[in-house]
Structure formats: C-alpha cells, structure tokens
Amino acid sequence: MNYAEAKKIADDLWAASSVSSKAIEAFPKGPMGLTPDDVRATPEWKAAKALADHDFAKLRAWNGFYVKAFKKEIQAARNAKYSSIST
C-alpha cells in the first residue's frame with residue numbers, strides 16, 4: 001500500500017466518522033448541552049450512537065497504523081500545506 005491509497009482510506013474513515021457524529025449532534029440537547037435521558041433511551045439515538053462509536057473506533061484503529069507507517073509523507077504534506085499558506 002502506498003501513501004495515496006492510505007490517505008484515501010484515512011479520508012474516507014474521517015468523513016464517515018464526521019457524518020455519524022453530526023447525526024448524534026442533531027438530537028435535542030438539554031439546558032446544559034447534554035442529551036437528556038429520554039432521548040438517549042430511544043432506539044434511533046442508540047443506533048446513531050452505536051454507529052458513531054463504531055466509525056470512531058475504526059478511524060482510531062486506522063490512525064494507529066497510518067501515522068506510524070507514513071510519518072514522513074504526512075509531515076511532507078503538512079509542510080507543503082503550511083508553506084503555501086505563509087507565502
């Protein structure tokens with residue numbers, strides 16, 4: 001596997017995790033910004049939470065490999081991004 005393939009997988013996992021996290025955020029919040037227990041008891045919230053947890057676990061597991069295996073490539077991409085911003 002090369003860096004481009006690994007980055008594509010990382011981007012896909014990141015996008016899936018973001019979508020499932022936004023689904024959780026769409027549920028109503030209480031006065032302190034927490035999800036009330038009656039909302040958390042619904043099957044819809046439980047399914048959305050399970051999907052968000054699953055997607056995040058996949059992303060976290062992938063990053064454990066990805067950032068170690070492609071450390072130089074990730075740093076080079078980051079340096080290229082920031083050098084174009086600062087000029």
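Predicted, not measured: the structure shown is a model, and the values here were computed from it.
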So which atom in [X] and which in [Y] form the shortest heavy-atom distance, rounded to 0.1 Å?
X   : Y   : result
M1  : W62 : SD-CH2, 3.7 Å
A52 : S21 : CB-N, 4.5 Å
D55 : A16 : OD2-O, 3.3 Å
G33 : K29 : O-CD, 3.4 Å
L59 : L13 : CD1-CB, 3.9 Å
P36 : G30 : CD-N, 3.9 Å

**Asked** Going by heavy atoms in the side chains, are E44 and F27 under 4.5 Å from each other?
**Response** yes
**Heavy-atom check, side chain of E5 versus side chain of K8, under 4.5 Å** = no
**Asked** What is the distance from atom CD of E25 to atom OG of S20, rounded to the nearest 0.5 Å?
**Response** 10.0 Å
**Request:** Starting at NZ of K7, measure out to CG of D12 and round the result to the nearest 0.5 Å.
**Result:** 10.5 Å
**Prompt:** Should K49 and T35 be marked as a side chain to side chain contact (heavy atoms under 4.5 Å, CB included) after you check the CA-CA gap, both sets of side-chain angles, and the distance that decides it?
**Reply:** CA-CA 11 Å; K49 176 68 171 153; T35 305; over 6 Å; no
**Asked** Are F65 and V67 joined in one hydrophobic group, where the rule is that I, L, V, M, F, W and Y side chains link up if heavy atoms are under 4.5 Å apart?
**Response** yes
**Prompt:** Are F56 and W14 joined in one hydrophobic group, where the rule is that I, L, V, M, F, W and Y side chains link up if heavy atoms are under 4.5 Å apart?
**Reply:** no
**Request:** Using a cut-off of 6.0 Å, state whether more than 12 heavy atoms not belonging to K22 lie near its atom NZ.
**Result:** no
**Request:** Determine the interplanar angle of the Y3 and Y66 rings, folded into 0 to 90°, and report it as parallel if under 30°, tilted if 30 to 60°, perpendicular if over 60°.
**Result:** parallel
**Request:** Go through N2 and F70 one step at a time and tell me if the side chain to side chain contact (heavy atoms under 4.5 Å, CB included) criterion holds.
**Result:** CA-CA 9 Å; N2 63 26; F70 297 101; 5.6 Å; no
